[in-house]
Amino acid sequence: MDHLLYIAMSGAKENMHGISVRANNLANSNTVGFKADFEQARAMQAFGEGLPSRVFAMTEQPGQNFDAGPVIMSERELDIAIQGDGWFAVQDADGNEAYTRAGNLQLSPTGMLETANGRAVIGDGGPIQLPVPLAKLEIGQDGTISALPQGAPANALEEVGRIKLVNPVYADLTKGTDGLFRRKDGQLAAADINVSLLHGAYEGSNVNAVGEMTHMISLQRQFELQVKMMKSAEEMDRQQNALLRIMG
């Protein structure tokens, strides 16, 4: 009975993990620049002192869905969208460089260019600081930022920074719990002049809500099946014990 019970238990555990992953995707279906996570488990033999006669389900990390989300035109000066492949660099909570495609940017009261959740956008020389207040702001396809300070002549628009744009291989990236991407080897990605921006737009989430709901229903049914198997194992064990008492 322990064979059946162990397999059902480990399978149910992975089903619950899969449901949580899909639920998180669904919760972020409207999050700007969000990349959906995949879930996957496979059968694995349990090795120990005896023969590997036990099998359990083991979580794998197949990665994320790197497909581009829909581009939403906003005409807002601080919104940017990556055209095609690529990322722009931001500073994470520890002050290290990370990458995102969430381009609904904002300006802090001190003029720091940030993402919507307060991550400083990194340029050629570090976090980008703009002269505030501004009368006008333009972001070029190559990430160049041109600003016109408030009260300055209309022809005084000048370059004040350039967003660092990168395009590392997807296989080299890992996603953190903060939703930002980093290189697996801990190294910084090199700037790529071929990455292009669209100004006045941002990229939405690439989550397919209908698809996520379908996966969640399938995983829930698998979980219920695993629970039924555990109950069957319990009933079979109870009947076996009753038979042994009769024979004894």
Side-chain angles (χ1 to χ4, degrees), residues 28 30-35 64 66 68-150 152 157-170 172-183 186-206:
N28 286 281
N30 291 319
T31 301
V32 176
F34 181 81
K35 299 301 178 188
Q64 289 72 40
F66 287 104
V71 174
I72 301 169
M73 303 301 298
S74 66
E75 304 303 328
R76 183 170 169 268
E77 281 188 337
L78 289 173
D79 285 345
I80 57 173
I82 302 286
Q83 299 188 85
D85 294 333
W87 311 79
F88 64 89
V90 297
Q91 195 173 61
D92 66 15
D94 297 324
N96 300 316
E97 185 172 301
Y99 311 106
T100 183
R101 287 173 67 100
N104 53 337
L105 307 182
Q106 62 183 11
L107 274 180
S108 73
T110 60
M112 186 74 71
L113 186 62
E114 301 175 338
T115 62
N117 56 0
R119 305 299 186 200
V121 178
I122 293 177
D124 294 334
I128 298 175
Q129 185 81 33
L130 302 179
V132 288
L134 293 175
K136 185 178 181 180
L137 179 71
E138 293 182 356
I139 302 178
Q141 288 187 339
D142 62 350
T144 300
I145 302 174
S146 300
L148 179 67
Q150 201 170 71
L157 191 71
E158 61 180 15
E159 183 178 325
V160 292
R162 181 176 178 178
I163 299 172
K164 181 180 179 181
L165 304 175
V166 302
N167 189 20
V169 178
Y170 290 151
D172 293 340
L173 294 176
T174 183
K175 184 179 179 181
T177 55
D178 55 4
L180 300 176
F181 288 81
R182 300 165 180 81
R183 284 180 57 109
Q187 300 299 311
L188 302 183
D192 191 331
I193 61 173
N194 296 314
V195 179
S196 178
L197 292 179
L198 178 63
H199 188 213
Y202 62 88
E203 181 181 333
S205 170
N206 71 350

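The minimum heavy-atom distance linking Ala152 with Leu148 is given by the pair CB-CD1, 3.9 Å. The shortest heavy-atom contact between Pro109 and Val132 is O-CG2, 3.9 Å. Counting all heavy atoms, side chain and backbone alike, Gly86 lies closest to Asn167 at N-OD1, 3.5 Å.
Residues satisfying the side-chain contact (heavy atoms from CB on, under 4.5 Å) criterion with Thr177, sequence neighbours excluded, are absent altogether. Asn206 meets the side-chain hydrogen bond (donor to acceptor under 3.5 Å, both in side chains) test with no other residue; sequence neighbours excluded. Taking the salt bridge (charged side-chain N to carboxylate O under 4.0 Å, His left out) definition, one finds that Glu114 meets it with nothing, sequence neighbours left out. Residues that satisfy the salt bridge (charged side-chain N to carboxylate O under 4.0 Å, His left out) test with Arg162, not counting sequence neighbours, are absent from this structure. Checked against side-chain contact (heavy atoms from CB on, under 4.5 Å), Ala81 has the following partners two or more places apart in sequence or in another chain: Val71, Leu198, Ala201. Judged as a side-chain contact (heavy atoms from CB on, under 4.5 Å), and not counting sequence neighbours, the contacts of Leu134 are Leu107, Leu130, Pro131, Leu137, Ala147. Residues that satisfy the side-chain contact (heavy atoms from CB on, under 4.5 Å) test with Asp94, not counting sequence neighbours, are Asp92, Asn96. For Glu158, there are no salt bridge (charged side-chain N to carboxylate O under 4.0 Å, His left out) partners at least two apart in sequence or on another chain. Partners of Asp178 under the salt bridge (charged side-chain N to carboxylate O under 4.0 Å, His left out) rule, at least two apart in sequence or in another chain, are Arg182.
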Between side-chain atoms of residues 187-195 and protein atoms elsewhere (two or more places apart, or another chain), which donor-acceptor pairs fall under 3.5 Å?
residue	atom	partner	partner atom	Å
Asp192	OD1	Asn194	N	2.8
Asp192	OD1	Asn194	ND2	3.4

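For the atom pair CG of Leu165 and CD1 of Ile82, the computed distance is 5.5 Å after rounding to the nearest 0.5 Å. With values rounded to the nearest 0.5 angstrom, Phe34 atom CZ is found 8.5 Å from Gln64 atom CD. Put simply, CG on Leu173 and NZ on Lys175 are 12.0 Å apart, with the number rounded to the nearest 0.5 Å. With values rounded to the nearest 0.5 angstrom, Gln91 atom CD is found 9.5 Å from Glu97 atom CD. Put simply, CZ on Arg183 and CG on Asp172 are 5.0 Å apart, with the number rounded to the nearest 0.5 Å.
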Steps toward side-chain contact (heavy atoms from CB on, under 4.5 Å) verdict (Ile163, Ile128): CA-CA 8 Å; Ile163 299 172; Ile128 298 175; 3.8 Å; yes
Derivation of the side-chain contact (heavy atoms from CB on, under 4.5 Å) call for Phe88 and Thr100: CA-CA 6 Å; Phe88 64 89; Thr100 183; 3.7 Å; yes
Leu113 and Ile145: CA distance, side-chain angles, deciding distance, side-chain contact (heavy atoms from CB on, under 4.5 Å) verdict: CA-CA 11 Å; Leu113 186 62; Ile145 302 174; 3.7 Å; yes
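Sorted by first and then second residue, the side-chain hydrogen bond (donor to acceptor under 3.5 Å, both in side chains) pairs involving residues 77-86 (not counting sequence neighbours) are Ser74-Asp79, Arg76-Asp79, Gln83-Ser196, Asp85-Tyr170. Listed by first and then second residue, the side-chain hydrogen bond (donor to acceptor under 3.5 Å, both in side chains) pairs involving residues 116-135 are Thr115-Asn117 (not counting sequence neighbours).
Using a 4.5 Å heavy-atom cutoff, the side chains of Trp87 and Pro168 are in contact. Annotation: side chain of Ile122 is not in contact with side chain of Val90 (no heavy-atom distance under 4.5 Å).
With salt bridges taken as basic N to acidic carboxylate O contacts below 4.0 Å, one links Glu203 and Lys35.
Ser205 places a side-chain N or O within 3.5 Å of a backbone atom of Asn28 that can act as its donor or acceptor partner.
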